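Since the structure comes first, as structure tokens, the remarks are kept for the end.
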Amino acid sequence: MTTERYNPRTAEPKWQKAWADAKLFETQTEAAGEKYYVLEMFPYPSGRIHMGHVRNYALGDVVARYKRAKGCNVLHPMGWDAFGMPAENAAMQNKVHPAKWTYENIDTMRKQLKSMGLSLDWSREFATCDVEYYHRQQMLFLDMLDKGLAYRKKSKVNWDPVDMTVLANEQVIDGKGWRSGAEVEQRELVQWFFKITDFADDLASALDSLPEWPEKVRLMQRNWIGKSEGLMLRWALAKGTAPDGEREVTVFTTRPDTLYGASFIAVAPDHPLAQKAAEIDPALEAFIAETRRTGTSAEAIETAEKKGYRTAIEAVHPLDETWRVPVYVANFVLMEYGTGAVFGCPAHDQRDLDFARKYDLPVRPVVLPPHEDPVAFSVADKAYVEDGVIYNSQFLDGKSPDEAFEAVAEKLEASDLFGAPQASRKVNYRLRDWGISRQRYWGCPIPVLHCESCGVVPEARENLPVKLPDDIDFEKPGNPLDRHPTWRKATCPVCGGDASRETDTMDTFVDSSWYFARFTAPRADEPTDPQAANAWLPVDQYIGGIEHAILHLLYSRFFIRAMRECGHLDLDEPFKGLFTQGMVVHETYRDGREWVAPVDVRIVEADGRRVATRISTDTPLDIGGIEKMSKSKKNVVDPDDIIASYGADTARWFVLSDSPPDRDVIWSEAGVEGAHRFVQRLWRLVTETAPKLPNAAGAPGTDGAALEIRKAAHRTVAGVSDDIERLAFNKAIARVHELVNQLSAAFGKIDPANAGETAAARDALSMLTRIVAPMMPHLAESLWEVLGETGLAAAAPWPQVDDSLLSDDTVTLPIQINGKKRGDLTVPAAAGKAEIEKAVLALDVVSAALAGQAPKRLVVVPGRIVNVVV
RNA sequence: GCGGGUGUGGCGGAAUGGUAGACGCGACGGACUCAAAAUCCGUUUCUGGUGACAGAGUGUCGGUUCGAGUCCGACCACCCGCACCA
């Protein structure tokens, strides 16, 4: 009998239409079943979907379809993170309006996503650049302003003096503007901030209430928030050394126990003391100007060479007024953190030690490592940061660092400097408030007005939305909103006088900080429908890239707290379960300097070596490293091409198999073909077996081949369910392979006249179809049809597992001698330790190894292993 | 620089502290075919041996344990994030 090959090109559109016609994935809040909200991070509409998207949405779709089969009321929406810089770059380069560019991209990408056969509720779709969406975001902003969660302050930006524009950190390359090549400067602007620090403590401690988040993400967030308990410590400045009017400097320190090891104070270049000192010291002024040429990113600042400028100022040691330490201005001290001033203890901090060596400052150890001789111990080029005993420290000698911390704190809290305590305890956070101002066009306008008589006033709620103007000009440098001839002109809602609009737009992270809440009631007039939001949230399973581990997730966690304060929902955390997927990576190829795309490359294996040649010219190519797919290195594979030639199911199956989803997956052509072969193999197995099962309606048999088939099927379903719950799709797929191998072998021997066997086979195929359905939904529908099942596979319930088929009567234990496997022993599953011991000692290998002696030790782990120690 | 992660056959990977290499890819051998593709069967960690088998083996070095890929310490390499990329 010949079987036609499965043709995804006809089957996939057919089933996609069947699902859409049945409105299978349009979710009703009131529908029956336990609610389950699955969400993948929504895409930026860059133009076309890439393999990373395919992987992300395939992962989420498996969960969505599985939970639906398990009887849950599943919400699985999709939208677009549509504001941002690339649209403006496209506008500048191609003279296309950002809105047109964005919406055209969305149309393309929606079509591509639909070809994947995702079980999405498209009726809830929106883009963050839709006026309907950013209108509600402006409402949220006003509410937050009202609650004191939004405010203005000065902050630094990267300024390109040629393009007259603010640059993003990624647009600063080696300290120069990416377009103009001009030396970037730091500039201070008054900008809008959200008060995320109000929630710093809760954002850190509530991480403990998120057991379904990866431990690493919780750790990263905890470190990012960076709670530290320390001392605000005031140092008097030595008379005659300080600028006029300055008499003290406050440092924040977590190590007051090392105070007797202090050898310098360092302040940030924009610390008031540094600014004041620079007024009378041109060399210092030049040094500070020099530090402003570093970009504003922490990375740029911290990887820059550590430099300091020794001012004339000296500080008086808080515990010894005869002791003076020099005050430096240093490029690695950040004004945003603590007080913008630190004291350096070189012996017990590596950065301080490097600084001290560079500027020849004293290095005095005050913490003695255990078992070290106090006279001989010294610090050379490695600071000692571990625990020990305090010495060289007067009244602190002999204490532990913790005790010394307490002693210093108590003493200095009680002592007086200029009429106030010299020190106070302080809990400090590394987390800074969230600067949301962007000097760009393609973002959500901040709904605020500047009135000459009333100052900064919020736009009236009824005047919202503040819409972006359509007629804009990207020809000239700078912010198009700022330059617009009329857009800025407005009326003050307080006094009715002339006012001008705020031209800053919001960081696009704001857009993505609450979209998951909007999905629960996407057309509501208010930002949320609190009832719907409270019913659906938190998101049960959120899936996205690890690159969002800190900012996006932290901002979203902040936002639901802010929204709760404003009454938009009542929720502790936005995402109950979080899964961070790995990237899709691909080999790179280059012809000299030029990168070559995989579609233009032919790989031939010769003598065990892989050789790449360019197809068009037959020239040999260098095979480079395996890297994240990126346009610049051309190592991208277009999902459209894959879906067109192999079908969506093959693409989905491939990205789900092999690699565990939290790790990177290497895209390879061979792997895709393997996946496609499996699609055809499943099709063959079912279409060739089904006609042999004419009388399969009865009960499956309970012995012989029938029992074996049933055991295999039920065990696989149990295992696959378990794997999907844990998002271990690669393991689920391995199990499906195993089952198919087993069934193929078993079906060859089936007696078509044996009703027990044919029924078992039929059941097994039905179960197999349902467990592959979340991963290969189109193929599953076609198989479902061949099997003569009714309805759609996508609407079929998950197969029930008969637990009695999961265990065996006997178990085979590996027998180790001194930890090395030397034999096997099969015993009844219920056998006790004593029984096993007796049987083990009777084994030939064991008695030979013992040579008449008693074993030194006999470790029996029932059901697992036996180890005989001789 | 700081924070986080990863490292296992030719390759992707599997393995509640308990038989290292499931499953897949590739390769090799065989069947089918006039032939090829497709498909099916078998072999495939390395070294030695015809073989039974023996030894080695999870980035490197050390430790804990009857037993370590898994736990602990140090190191190496690579990847992600660092607040205006999304």
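Proteins get letters first, then strands, A, B, ... in listed order; numbering begins at 1 in each. All figures in this text were calculated on a predicted structure; none of them were measured in a lab.
- With hydrogens and angles ignored, the 3.5 Å screen pairs a side-chain donor or acceptor of Arg430(A) with a backbone N or O of Trp224(A).
- Look at Arg677(A) and you'll find a side-chain N or O under 4.0 angstrom from OP1 or OP2 of C25(B).
- Residues Glu170(A) and Trp178(A) bring no donor and acceptor atom of their side chains to less than 3.5 Å of each other.
- For C80(B), the OP1/OP2 oxygens have no side-chain nitrogen or oxygen of Lys216(A) closer than 4.0 Å.
- Residue Arg430(A) places none of its side-chain N or O atoms closer than 4.0 Å to OP1 or OP2 of C82(B).
- No donor-acceptor contact under 3.5 Å links the side chain of Arg351(A) to the base of C2(B).
- U43(B) is paired with A27(B) under the criterion used here, namely a Watson-Crick or G-U wobble arrangement in which both key atom distances are under 3.5 Å.
- Comparing the C1' positions of G24(B) and G18(B) gives an interatomic distance of 26 Å, to the nearest angstrom.
- For the pair Trp101(A) and Ser46(A), the tightest heavy-atom approach, listed with the atom from each and the gap, is CZ2-O, 3.8 Å.
- Comparing the P positions of U16(B) and G69(B) gives a spacing of 13 Å, expressed to the nearest Å.
- Considering only side-chain atoms of Arg663(A), the nucleotide from A83(B), G24(B), U6(B) that sits closest is U6(B).
- The base of C84(B) is paired with the side chain of Gln191(A) by a donor and an acceptor separated by under 3.5 Å.
- In terms of polar N and O atoms assigned as donor or acceptor, the side chain of Asn223(A) never comes within less than 3.5 Å of the base of G3(B) in a complementary pairing.
- The residue among Glu302(A) and Lys821(A) whose nearest nucleotide of RNA chain B lies closer to the 5′ end is Glu302(A).
- In this structure, Thr508(A) reaches the A86(B) phosphate: one of its side-chain N or O atoms is under 4.0 Å from OP1 or OP2.
- At distances below 3.5 Å, at least one donor-acceptor pair connects side-chain atoms of Asn331(A) with backbone N or O atoms of Lys307(A).
- Using modelled atom types and a 3.5 Å distance limit, the side chains of Trp514(A) and Tyr133(A) yield a donor-acceptor pair.
- Below the 3.5 angstrom threshold, one finds no donor paired with an acceptor across the side chain of Gln816(A) and the base of C66(B).
- G7(B) and U60(B) have their P atoms separated by 13 Å, with the value rounded to a whole Å.
- Of the candidate nucleotides A15(B), G1(B), C66(B), C66(B) has the atom nearest to the side chain of Arg857(A).
- Taking atom C1' on both C66(B) and U19(B), the two are 16 Å apart, rounded to the nearest angstrom.
- When the P atom is used for both G17(B) and U6(B), the distance is 15 Å, rounded to whole Å.
- Arg864(A) has no side-chain polar atom (N or O) that falls below the 4.0 Å cut-off from OP1 or OP2 of G17(B).
- Taking 4.0 angstrom as the limit, Lys820(A) places a side-chain polar atom (N or O) nearer than this to OP1 or OP2 of A56(B).
- Using modelled atom types and a 3.5 Å distance limit, the side chains of Asp354(A) and Gln350(A) yield a donor-acceptor pair.
- Checking G67(B), A86(B), C84(B) against the side-chain heavy atoms of Asn169(A) singles out C84(B) as nearest.
- If you check G26(B), G18(B), G55(B) against the side chain of Val859(A), the one that comes closest is G18(B).
- No donor-acceptor distance shorter than 3.5 angstrom exists from the side chain of Arg715(A) to the backbone of Leu739(A), with no hydrogens or angles considered.
- For the pair Glu215(A) CD and G4(B) C1', the computed distance is 11 Å after rounding to whole Å.
- Here, C72(B) and U64(B) have their P atoms 15 Å apart, quoted to the whole Å.
- The same atom, C1', is picked in G9(B) and in C2(B); the two are 37 Å apart, to the nearest Å.
- Checking the phosphate oxygens (OP1, OP2) of G24(B), a side-chain nitrogen or oxygen of Asn741(A) falls inside 4.0 Å.
- Atom C1' of A36(B) sits at a distance of 44 Å from the matching atom of A54(B), rounded to the whole Å.
- Side-chain nitrogen and oxygen atoms of Arg5(A) include none within less than 4.0 Å of the OP1 or OP2 phosphate oxygen of U39(B).
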